[in-house]
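Proteins get letters first, then strands, A, B, ... in listed order; numbering begins at 1 in each.
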2 protein chains.
Amino acid sequence: MTTHTPVGRPLRPTGKFLQEDSRRHHRSLLLQQLFREGPASRADLSRSSGLTRVTVSDLVKAMLAEGLVAELGAPAESRVGKPPTLLGLSVDSTHVIGIDLSATDRFTGAVLNLAGEVQARHEVSLDGATGTAAVALVHALATDLIGMTERPVLGVGVGSPGVVDATGTVIDAPNLAWSGMPLAASLAETLGVPVFVANDANTAVLGEHTFGESGDGGLLVLRVGTGVGAGLVLGGSLLHGHLGAAGEIGHVVVDTEGERCACSRVGCLETVLAVPRLRRRLEEAGADAAQVLTQAGEQLGTALAPVVGMLNLHEIVLSGPTELLDGPLRDAADRTIRARTMPVSSEGLLIRTSTLGEDVVIVGAAVLVLAGELGVS
Amino acid sequence: MTTHTPVGRPLRPTGKFLQEDSRRHHRSLLLQQLFREGPASRADLSRSSGLTRVTVSDLVKAMLAEGLVAELGAPAESRVGKPPTLLGLSVDSTHVIGIDLSATDRFTGAVLNLAGEVQARHEVSLDGATGTAAVALVHALATDLIGMTERPVLGVGVGSPGVVDATGTVIDAPNLAWSGMPLAASLAETLGVPVFVANDANTAVLGEHTFGESGDGGLLVLRVGTGVGAGLVLGGSLLHGHLGAAGEIGHVVVDTEGERCACSRVGCLETVLAVPRLRRRLEEAGADAAQVLTQAGEQLGTALAPVVGMLNLHEIVLSGPTELLDGPLRDAADRTIRARTMPVSSEGLLIRTSTLGEDVVIVGAAVLVLAGELGVS
DNA sequence: GGAATATGTAAGTACGCTCAACTAACTAAT
DNA sequence: ATTAGTTAGTTGAGCGTACTTACATATTCC
């Protein structure tokens, strides 16, 4: 569940509940059940949602008419009483577009079904484009992707670098020379479908939360690439922060005697952890590679320990080149965090690498759409 | 808005919305408006809530009957059209009990009205009581306080040390020798009114959020006393954390070469910042007092910088002895945080000391009740 | 004094859900 | 084979909530 504002549909400014909202909420409840737990009968849905069988039947009737769910017949094994009719999410009834703008050299995207499975991929080369030229590339990529599916498109999700506000305006993305760029609004107008834009680390955490193997507690995804950023899901919803700048951990100083950073400070986490720096340092170290990774992990752990103590996180996922992250670095980070926090903070904590790999951002962008349009995540 | 479970009334396990919920929600919307912005007419409420005047009239009628709001007549200045009838919250229609268990030597409490104003105080001396003896003291204190007001009591809120779960059970509070103590349930049974229990730092942040001069972004309250703990309000609601242990920053290591802590680790934030340690170190330092405070502030800043970067907080409030916190210490923390985070993280950030003083926990405990019972905060 | 403007109420309507009662389809016991 | 018991899903009446429409009321502006 995100609090992102869908662009391309009217939004209610107040907190009032109409009956209509109630119905949409209950519909989401049923969809969520089918989405997470797989096929179920109307009676099952009634039990899990707390709604009466009558109401469930009515909601299901509407969703059957839409084609969003389908009847799958009776289950194999049979028990006492009339056998139920199983209902399942029609994962190909509509498709979703997910787009990742976080790579430095190209924009990638995919068509996904409602189960988050990639149906088709496409990408455009950036060739140094910035500003409106880069926006044009996003438009082209999105249009191409929509053309690649026969199915109706539920919406388009975009994971962009930089700070993105809740309306899908990119406040500031230095690499693309975007500043106050209303990306969601402009895409929605061109494409005629709902568009959601969020920071790439934020979409990554959504992807991991929904399609990774994660639990229900607080989840932090740390994206390690050219830069370092993080996304947080707390209490089931994405954290935005006061100015939409939550997760900006890359330029937190971790070593006052470290290297100078592009941001003009000394010893930012990025100077320790960003892939180019880490690779260079590994080369320099030669045989002492493990040592370098361990040290980086310790510094990461030092930066994360206060966050872990403060938020009582359940899971930290490292997303980036596995050969760098999934060894001494992760172990050192894990060890450091546990050494620096109370047992009550760290004992429920799991630190692992991403299960979604390269696609985290794309999949997460799709989740943005699923959550916004169907209330599913 | 907290997600605390009121004890003393049935709770709905599912996420379904009844019409009843809708009505309660809209009622809260109106109360919230009156609570935060002061008197308003039915027409004003209609505009701010988005509900029709008809619906507002109906809801107001019910609240008038309950005595929760009152008609205040027409406003002084008049404009075109029929003059409105102002409505105001009847801040003394019911009273609320707030209790603070965080002091080491006594339990304090107060009767407050709906505006959070203290009407009467009472306290009991702890005299080393722990376990069930301490629970008995809480019961006695609560009973006494309820007896001190003529008004009906909306509920009882308690700020307890230790880790408290969402049902008001104290999971672990070493100083009181409580472990898995169902405080809210036991109080609710004895007192016959709704009871809410939360960690003292959590109630403090609620108090500061609702009755302090704070904005709407993320708020962190750091309680500095015998120990050090924090509470967080993000997106308008209290953060609990995976196991209800959010805010446990006191035993995060900030100085690996520091003093040994009671928790067996070395250099926890508490060893630097807890009042007894700080006082002792100030005595030892003599004339170099400012130096000691500056250093403590720097270490605090070092611990908080990653949190600020990660959460993009709007406000950090230091709560504790002002003579220690509100000078070189705060300045150093402020400076250190800004030096160690990006401008985008820190420029919207305000670091200040508490405006509520000693009463933060008591007032926050009352907010727990207001939020839970009236949906107001 | 009449037009314009704004507040608040009354009556009727739409919608979403519930309850109670039903039909349908199966298993288990006699 | 018959009957009882169980579970699934549907039907129709009713209730609660908020909406729309229409109106009474009270004031300012001209």
Side-chain angles (χ1 to χ4, degrees), chain A residues 10 12 14-31 33-34 39-65 69-88 375, chain B residues 10 12 14-31 33-34 39-65 69-88 375:
Chain A
R12 211 186 314 289
T14 65
K16 79 170 168 179
F17 275 159
L18 269 41
Q19 299 176 159
E20 187 190 331
D21 298 308
S22 167
R23 191 143 179 97
R24 202 171 27 240
H25 175 79
H26 290 151
R27 198 181 97 121
S28 292
L29 227 54
L30 304 188
L31 284 173
Q33 172 74 13
L34 295 176
S41 70
R42 290 171 177 81
D44 292 333
L45 292 173
S46 165
R47 279 183 289 266
S48 69
S49 67
L51 296 165
T52 60
R53 290 203 305 276
V54 182
T55 307
V56 170
S57 277
D58 196 49
L59 285 161
V60 166
K61 192 189 294 173
M63 296 191 291
L64 282 170
V69 300
E71 295 195 331
L72 308 176
E77 102 266 352
S78 79
R79 285 178 304 171
V80 189
K82 175 179 173 180
T85 316
L86 289 181
L87 299 160
Chain B
R12 210 186 314 289
T14 66
K16 79 170 170 179
F17 276 158
L18 268 41
Q19 301 177 158
E20 188 190 330
D21 297 309
S22 166
R23 189 144 177 101
R24 204 174 24 244
H25 176 80
H26 290 153
R27 198 181 96 120
S28 291
L29 225 55
L30 305 188
L31 283 173
Q33 171 75 14
L34 295 176
S41 71
R42 290 170 177 81
D44 292 334
L45 291 173
S46 165
R47 279 182 289 267
S48 69
S49 67
L51 297 165
T52 61
R53 291 205 306 275
V54 180
T55 305
V56 170
S57 275
D58 195 49
L59 284 162
V60 165
K61 193 189 293 173
M63 296 191 291
L64 282 169
V69 300
E71 294 196 330
L72 308 176
E77 102 265 352
S78 78
R79 285 178 304 173
V80 184
K82 175 180 172 180
T85 315
L86 288 180
L87 299 160

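Note: CG (A:L45) to P (D:dT10) measures 12 Å, nearest angstrom. Atom CZ of B:R24 is separated from atom P of D:dG16 by 15 Å (rounded to the nearest Å). Nucleotide C:dA14 holds its C1' atom 13 Å from the CZ atom of A:R23, rounded to whole Å. One atom, CG of B:L18, and another, P of D:dC15, lie 16 Å apart when rounded to the nearest Å. Look at CG on A:L51: it is 11 Å from C1' on C:dT18, rounded to the nearest Å. Note: CG (B:D21) to P (D:dG16) measures 15 Å, nearest angstrom. Taking atom CZ on B:F17 and atom P on D:dT17, their separation rounds to 15 Å, with Å as the unit.
Between A:F17 and B:H25, the two ring planes are parallel [angle under 30°; tilted spans 30° to 60°].
A:R42 and A:V56 make their closest contact through O-CG1, 3.6 Å (heavy atoms, listed as atom of the first residue, atom of the second, distance). When all heavy atoms of B:P75 and B:P84 are compared, the closest pair comes out as CD-O, 3.5 Å. The shortest non-hydrogen separation linking B:L72 to B:L87 is CD1-C, 4.1 Å.
Between B:T52 and D:dT20 there is no side-chain N or O to OP1 or OP2 distance below 4.0 Å. One finds a side-chain N or O of B:H26 lying less than 4.0 angstrom from the OP1 or OP2 phosphate oxygen of D:dA18. Considering only side-chain N and O atoms, A:T55 lies under 4.0 angstrom from the phosphate OP1 or OP2 of C:dT18.
Map A:K61 and A:Q19 each onto its nearest nucleotide of DNA chain D; the residue landing nearer the 5' end is A:K61.
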**Fill in**
With sugar-phosphate taken as primed atoms, P, OP1 and OP2 and all else as base, the protein-contact string of nucleotides 2-9 of chain D at under 4.0 Å (heavy atoms; B, S, -) is ---BBBBB
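Using modelled atom types, no side-chain atom of B:T85 and backbone atom of B:G73 make a donor-acceptor pair closer than 3.5 Å. Not one N or O on the side chain of A:H26 forms a donor-acceptor pair closer than 3.5 Å with the backbone of B:K16.
In this model, no donor atom of one side chain and acceptor atom of the other lie less than 3.5 Å apart for B:D58 and B:T55.
Residue A:V54 is classed as a base contact, given a heavy-atom separation below 4.0 Å to a base.
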